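Below, chains carry the letters A, B, ... as their sequence lines are ordered, and counting in each starts from 1. Only a predicted model underlies this, so the values are computations on that prediction, with no experimental measurement involved.
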Amino acid sequence: MNPLSAHAWDVSTAEAVIIQNDLAHKVRTEPLPSPVRVIAGMDVSYNRFSDLLFASIVVLSFPELEVLEIQNASRQTHFPYQSGFLSFREAPVLLEAFGQLRQKVDLAFLDGQGIAHPRGLGIASHVGVLLDLPTIGVGKSKLFGQYTDPGPEAGDWSDLTYKGKILGAVLRTKRNVSCVYVSIGHRAVLASAIELVMRCVRKHRIPEPTRLAHEAVNQFRREHSAGDSQEDAS
DNA sequence: GCGACAG
DNA sequence: ATCTTGTCGC
């Protein structure tokens, strides 16, 4: 059945908490498929104050990182941004774009946390569970957990923990740049997630799948929100 | 009460 | 997330 219909999306935060707790125990930690040959990057963009969301998925070959396919989608949301509930705002449009994919993908990178979340269900885990797809969360900032700064070299990392449990890793993808927050989304293990993120890093701090998805979705948004009269509904 | 708080 | 030029550092 359609992953978008797995549960209600237009819910209160109290209901969202129940859904998150329910889906969190469906998250599986297990080895990634081997070999990984196809990686997707997924990202969302929108105009300030707008609830019209745009999504892009960029599919790359691995380890070459050549673009194989790009899919875009746009969709209205009613869920406001709230820390801890990002997926209730952004996941539906991502699922819609994913449904348009022709390629089969082995793994997806998402912008945000996986299990490094107060209830263990960041957007990467939420999307991973609904699609039953291996996913990794790559956040640009921390949502949950504690850590000490890793060394300054590319590849240096430290544990992201909560109450003694390792939830993810704080990873330095390039020398002397701010870290990225890596956690498994679904059907992955942290050590492999860290290694794959590093192997997807080229000239930028953000690994290629997520970085290219961000570029693609911004271009898509700029092309499709010009002339739309609902984009600045303040 | 205070500080934290993905995108 | 988005709005933005120049500018500091490798």
Side-chain angles (χ1 to χ4, degrees), chain A residues 9 13 16-17 20 24 27 41-57 74-95 97 108-128 135-147 152-154 160-163 167-186 193 197 201-207 209-211 213-226 228 230-234:
Chain A
W9 293 96
T13 59
V17 165
Q20 288 178 330
V27 170
M42 310 174 71
D43 195 22
V44 171
S45 173
Y46 51 91
N47 291 320
R48 197 170 158 173
F49 304 135
S50 172
D51 280 339
L52 178 59
L53 307 190
F54 300 86
S56 291
I57 300 180
S74 64
R75 187 186 185 90
Q76 194 78 27
T77 184
H78 301 294
F79 207 101
Y81 170 74
Q82 296 179 64
S83 178
F85 300 92
L86 175 67
S87 58
F88 281 83
R89 178 172 175 79
E90 298 194 349
V93 69
L94 287 173
L95 295 176
F109 283 24
L110 283 93
D111 208 333
Q113 316 300 321
I115 63 171
H117 174 280
R119 288 165 295 282
L121 198 84
I123 189 166
S125 296
H126 197 157
V127 168
T135 57
I136 294 174
V138 185
K140 296 182 293 298
S141 62
K142 188 192 76 170
L143 167 65
F144 187 66
Q146 314 174 314
Y147 67 94
E153 300 300 325
L160 178 62
T161 67
Y162 184 72
K163 291 187 174 177
L167 301 182
V170 183
L171 175 64
R172 189 93 60 194
T173 55
K174 307 281 289 184
R175 191 177 204 270
N176 291 332
V177 300
S178 50
C179 291
V180 120
Y181 299 76
V182 178
S183 54
I184 68 158
H186 183 54
V197 167
V201 169
R202 289 295 182 259
K203 297 184 164 186
H204 305 265
R205 171 173 84 115
I206 304 299
T210 292
R211 190 184 72 80
H214 192 265
E215 278 193 351
V217 76
N218 275 316
Q219 182 184 343
F220 179 62
R221 172 177 57 85
R222 285 160 185 157
E223 290 171 352
H224 287 266
S225 60
D228 264 323
Q230 49 185 331
E231 81 225 32
D232 38 15
S234 59

- Message: Just the rounded figure in Å: distance from P of C/dA1 to CZ of A/F88.
- Response: 20 Å
- Item | Separation of atom CZ in A/F79 from atom P in B/dG7, rounded to whole Å | 17 Å
- Query: Separation of A/R222 atom CZ from C/dT2 atom C1', in whole Å?
  - Reply: 9 Å
- Note on the structure: By nearest-nucleotide position on DNA chain C, the 5'-leaning member of A/N176 and A/N218 is A/N218
- Task: Could you tell me whether A/H214 contacts a base, only the sugar-phosphate backbone, or nothing, with contacts defined as non-hydrogen atoms closer than 4.0 Å?
- Result: sugar-phosphate
- Do A/I136 and A/V182 have side-chain heavy atoms sitting under 4.5 Å apart? yes
- Task: Round to a whole Å and report the spacing from CZ of A/F144 to C1' of B/dG3.
- Result: 15 Å
- Query: Is A/D51 close to A/F79 at the side-chain level, that is, under 4.5 Å between some pair of heavy atoms?
  - Reply: no
- Task: Look at all strands and tell whether A/G137 reaches a base, only sugar-phosphate, or nothing, counting heavy atoms closer than 4.0 Å.
- Result: nothing
- Task: Could you tell me whether A/G122 contacts a base, only the sugar-phosphate backbone, or nothing, with contacts defined as non-hydrogen atoms closer than 4.0 Å?
- Result: base
- Query: So A/H126 and A/W9, would you call those rings parallel, tilted or perpendicular, with 30° and 60° as cut-offs?
  - Reply: parallel
- Item | side-chain N/O A/S83 vs B/dA4 OP1/OP2, d < 4.0 Å | no
- Out of B/dG7, B/dA6, C/dT2, which has the shortest distance to the side chain of A/D111? B/dG7
- Message: If you define the side chain from C-beta out and look only at heavy atoms, does anything of A/S45 sit under 4.5 Å from A/N218?
- Response: yes
- Query: Does A/H186 reach the main-chain N or O of A/A124 with its side chain, forming a donor-acceptor pair under 3.5 Å?
  - Reply: no
- Nucleotide-level pairing of DNA chain B, given in dot-bracket where Watson-Crick and G-U pairs need both distances under 3.5 Å and | marks other strands: .......
- Just how far, in rounded Å, is C1' of C/dA1 from CZ of A/F85? 18 Å
- Compare side-chain N and O positions of A/R221 against OP1 and OP2 of C/dT2 and report whether any pair is under 4.0 Å apart. yes
- Message: With a 4.0 Å limit, can you tell me whether A/S45 has a side-chain N or O closer than that to the phosphate oxygens OP1/OP2 of C/dT2?
- Response: yes
- Task: May I ask you to verify if any side-chain N or O of A/K142 is less than 4.0 angstrom from the OP1 or OP2 atom of B/dC5?
- Result: yes
- Message: Less than 4.0 angstrom between a side-chain N/O of A/Y46 and OP1 or OP2 of C/dT2, yes or no?
- Response: no
- Task: Kindly check if the number of other-residue, nucleotide or ligand heavy atoms within 6.0 Å of CZ (A/R202) is above 12?
- Result: yes
- Note on the structure: A/L160 CG to B/dA6 C1', in whole Å, measures 12 Å
- Item | Among A/E223, A/R221, A/R222, the one residue meeting side-chain hydrogen bond (donor to acceptor under 3.5 Å, both in side chains) with A/Q219 | A/E223
- Message: Measuring only between side-chain heavy atoms, which start at C-beta, is A/I206 closer than 4.5 Å to A/V138?
- Response: no
- Query: A/K140 side chain N/O closer than 4.0 Å to the phosphate oxygens (OP1, OP2) of B/dG7?
  - Reply: yes
- Sugar-phosphate, base or nothing in reach of A/I123, heavy atoms under 4.0 Å: base
- Euclidean distance, atom CZ of residue A/F49 to atom C1' of C/dC3 [Å, nearest integer]: 10 Å
- Task: Please state how far atom CD in A/E90 lies from atom P in B/dA6, giving the value in whole angstrom units.
- Result: 12 Å
- Message: So is the aromatic ring of A/Y81 stacked onto the base of B/dG7, judging by whether the centres are under 5.5 Å apart and the planes are under 30° apart?
- Response: yes
